[in-house]
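Attaching a single structure in structure tokens format; questions to follow.
Every number for a ligand or one of its atoms is a count from 1 in the order of the listing.
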Amino acid sequence: MAQRTFSIIKPDAVRKGFTGAILAEIEKAGFQILAIKRLSISKEQAKGFYAVHSARPFFDPLTTFMSSGPIVLMVLEKDNAIADLRKLMGATNPANADEGTIRKKFAGSIQENAIHGSDAEDTAAFEIGYWFAGYELV
Ligand code: GDP
């Protein structure tokens with residue numbers, strides 16, 4: 001059954017000119033891009049998005065990084081979208097990412113790792129609602 005997930009092309013990848021190449025990988029893997037927008041977000045907006053990580057030692061550098069330049073936010077749809085996007089992204093640390101994954105190809109470090117993808121149905125619902133209004137998803 002078609003499932004939705006939420007993804008971000010992070011500031012490092014946008015800065016390096018990888019937006020188009022990453023979108024091509026996503027479409028080639030069978031995802032429909034249901035909604036997409038390019039935004040520069042504030043540190044406060046980044047903190048709200050990553051609230052689940054607020055106790056982690058990397059929370060401050062992560063939210064500074066995510067607000068350091070434009071990002072591309074997307075809602076993606078396909079069967080098994082959440083797990084399939086995580087597989088396409090590869091491991092959080094690109095040094096551990098499998099060949100052929102987006103992070104292996106485009107990420108520079110464990111923090112500047114090119115792409116975000118929701119990790120479960122409840123987080124996907126929160127993340128889509130955080131960045132997109134219902135009328136943007138019809
Ligand atoms: P993901 O689901 O693979 O994106 O990884 P997590 O949910 O564990 O972490 C969220 C994001 O925080 C990652 O994508 C990285 O950008 C960043 N991050 C995770 N672990 C670390 C770390 O150990 N150090 C730093 N600096 N950033 C990290």
Exercise for the section: Report the relative orientation of the aromatic rings in F18 and F106; use parallel for angles under 30°, tilted for 30 to 60°, perpendicular for over 60°. Expected result: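 Tilted.
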
Handout entry: Plane angle bin for H116 and Y50 - parallel if under 30°, tilted between 30 and 60°, otherwise perpendicular
Key =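 Perpendicular, since the angle between the ring planes exceeds 60°.
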
Completion exercise
shortest atom 19 (C) of ligand 1-to-protein heavy-atom contact is with F58 CZ, 3.6 Å

Fill in the blank from the handout: heavy-atom search around atom 15 (C) of ligand 1 in the protein gives I110 O, 3.2 Å

Handout entry: SB check K105 E99 (cutoff 4.0 Å)
Key = no

Problem - Atom indices of ligand 1 within 4.0 angstrom of N113 heavy atoms, with elements - result: 13 (C), 14 (O), 15 (C), 16 (O)

Exercise for the section: Could you grab the distance from atom NZ of K10 to atom CD1 of I71, nearest 0.5 Å is fine? Expected result: 10.0 Å

Practice task
Give the single entry among T92, T123, N93 that approaches atom 1 (P) of ligand 1 most closely by any heavy atom.
Solution key: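 Closest candidate by heavy-atom distance is T92.
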
Handout entry: Greater than 12 external heavy atoms within 6.0 Å of E136's CD
Key = yes

Problem - Identity of the nearest option to atom 2 (O) of ligand 1, non-hydrogen atoms only, from H116, H53, R86 - result: R86

Practice task
Please report which non-hydrogen protein atom sits nearest to atom 4 (O) of ligand 1, along with the residue it belongs to and the distance in Å to one decimal place.
Solution key: R103 NH2, 3.1 Å

Problem - Heavy atom of the protein closest to atom 8 (O) of ligand 1 (residue, atom name, distance) - result: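 Residue, atom and distance for the closest contact: R56 NH2, 4.1 Å.
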
Exercise for the section: Mark up the atoms of ligand 1 that fall under 4.0 Å of a heavy atom belonging to L62, in ascending order. Expected result: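 Per the distance check, 11 (C), 12 (O), 16 (O), 17 (C).
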
Practice task
Would you please say whether a donor-acceptor pair under 3.5 Å links the side chains of T64 and K43?
Solution key: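 The criterion, which ignores hydrogens and geometry beyond distance, is satisfied for K43 and T64.
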
Fill in the blank from the handout: ligand 1 to K10, heavy atom cutoff 4.0 Å, flagged ligand atoms 13 (C), 14 (O), 15 (C), 16 (O)

Completion exercise
Rounding to 0.5 Å, atoms CG (L62) and CZ (R56) come to a distance of 9.5 Å

Problem - Minimum-distance protein heavy atom relative to atom 26 (N) of ligand 1 - result: Q111 OE1, 3.2 Å

